[in-house]
Amino acid sequence: DSGVTQTPKHLITATGQRVTLRCSPRSGDLSVYWYQQSLDQGLQFLIQYYNGEERAKGNILERFSAQQFPDLHSELNLSSLELGDSALYFCASSVVGRRGETQYFGPGTRLLVL
Amino acid sequence: AQSVTQLDSQVPVFEEAPVELRCNYSSSVSVYLFWYVQYPNQGLQLLLKYLSGSTLVKGINGFEAEFNKSQTSFHLRKPSVHISDTAEYFCAVLTQGGSEKLVFGKGTKLTVNP
């Protein structure tokens with residue numbers, strides 16, 4: 001158990017819908033990362049937040065957005081969902097997001113878009 | 001931009017046999033290197049990482065990896081595998097001086113047979 005929690009574990013929805021994935025980092029960790037794992041693209045970095053502020057952006061679609069709240073939990077919002085958005089979405093956290101610092105991953109949210 | 005190549009998508013071995021999972025990376029700057037393991041239906045767990053210093057890195061569960069800068073490789077090894085090592089293994093890089101995002105390889109599925 002990494003100490004990072006993600007809800008829900010599974011999510012089934014339809015194309016065009018909007019969903020919110022939630023992540024609670026390890027106690028004391030200020031930095032949160034979101035990754036997408038799909039069969040064709042593999043594991044890809046989406047976005048990083050540090051203490052409420054966006055720090056780095058990766059291959060995140062404009063239909064996707066994220067935020068980190070004052071209690072440090074983070075939410076990833078996916079809208080206008082397409083079949084290709086079906087994937088496993090991971091959240092990771094680290095203490096301050098320094099380079100080389102270990103990122104601890106949650107169990108993931110498996111999203112299925114029908 | 002950096003990239004990671006895991007040369008074998010699947011590696012089947014017998015229990016108690018040695019195993020090597022290969023990883024090569026491409027980057028124009030110095031990197032930090034990581035190996036993560038993903039057990040079925042679970043998140044990613046850090047096995048080991050190389051930041052600096054000794055090029056031979058020891059991790060959890062008896063795994064070790066050797067950083068070879070001239071060959072831009074970071075192969076993962078274990079002298080004697082167990083059934084419980086069956087999982088998917090991901091190599092990842094993070095550039096020094098760049099963002100904190102991890103760039104992952106496509107993964108190697110290790111299957112240990114009795």
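Values below: all heavy atoms of this structure, side chains included; hydrogens, waters and symmetry mates excluded. Residue numbers begin at 1 in each chain, while the letters A, B, ... track the order of the sequences.
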Check: Is there side-chain contact between A:Q103 and B:Y36, with heavy atoms separated by less than 4.5 Å?
Finding: yes

Notebook entry, point to check: Are A:L76 and A:Y33 joined in one hydrophobic group, where the rule is that I, L, V, M, F, W and Y side chains link up if heavy atoms are under 4.5 Å apart?
Noted result: no

Next item on the list: Decide yes or no on side chain to side chain contact (heavy atoms under 4.5 Å, CB included) for A:L43 and B:L102, but give the supporting numbers first.
Entry: CA-CA 9 Å; A:L43 264 163; B:L102 287 166; over 6 Å; no

Item checked: CG/A:D71: more than 12 non-hydrogen atoms of other groups inside 6.0 Å -> yes

Next item on the list: Heavy-atom distances under 4.5 Å only: say whether B:L46 touches chain A with side chain, backbone, both or neither.
Entry: side chain

Checklist line | Where A:Q37 and B:F90 come nearest, the two heavy atoms and their spacing | finding: NE2-CZ, 3.3 Å

Next item on the list: Please name the pair of heavy atoms, one in B:K106 and one in A:D40, separated by the smallest distance, quoted to 0.1 Å.
Entry: NZ-O, 3.1 Å

Margin query: Looking at A:L39, I'd like to know if its CG atom is crowded, meaning that more than 12 non-hydrogen atoms belonging to other residues, nucleotides or ligands lie closer than 6.0 Å.
Written below: no

Check: Do you know which two heavy atoms are closest between B:Q38 and A:F90, and how far apart they sit?
Finding: NE2-CZ, 3.2 Å

Notebook entry, point to check: Shared ILVMFWY cluster between B:F34 and A:L46, side chains joined below 4.5 angstrom?
Noted result: no

Check: Taking everything shown except A:R110 itself, do over 12 heavy atoms lie less than 6.0 Å from its CZ?
Finding: no

Next item on the list: Let me know if B:Y50 has heavy atoms under 4.5 Å from chain A in its side chain, its backbone, both or neither.
Entry: neither

Check: Is it the side chain or the backbone of A:S2 that comes within 4.5 Å of chain B heavy atoms, both, or neither?
Finding: neither

Notebook entry, point to check: What about B:V19 and B:Y89, same hydrophobic cluster or not, with Ile/Leu/Val/Met/Phe/Trp/Tyr joined at side-chain heavy-atom distances under 4.5 Å?
Noted result: yes

Notebook entry, point to check: Measuring heavy-atom distances to chain B, does A:L88 have an atom under 4.5 Å in its side chain, in its backbone, in both, or in neither?
Noted result: side chain

Notebook entry, point to check: Mind checking whether A:F45 and B:F104 have side chains closer than 4.5 Å, heavy atoms only?
Noted result: no

Notebook entry, point to check: Do A:V4 and B:L44 sit in the same hydrophobic cluster, where Ile, Leu, Val, Met, Phe, Trp and Tyr count as joined when their side-chain heavy atoms come under 4.5 Å apart?
Noted result: no

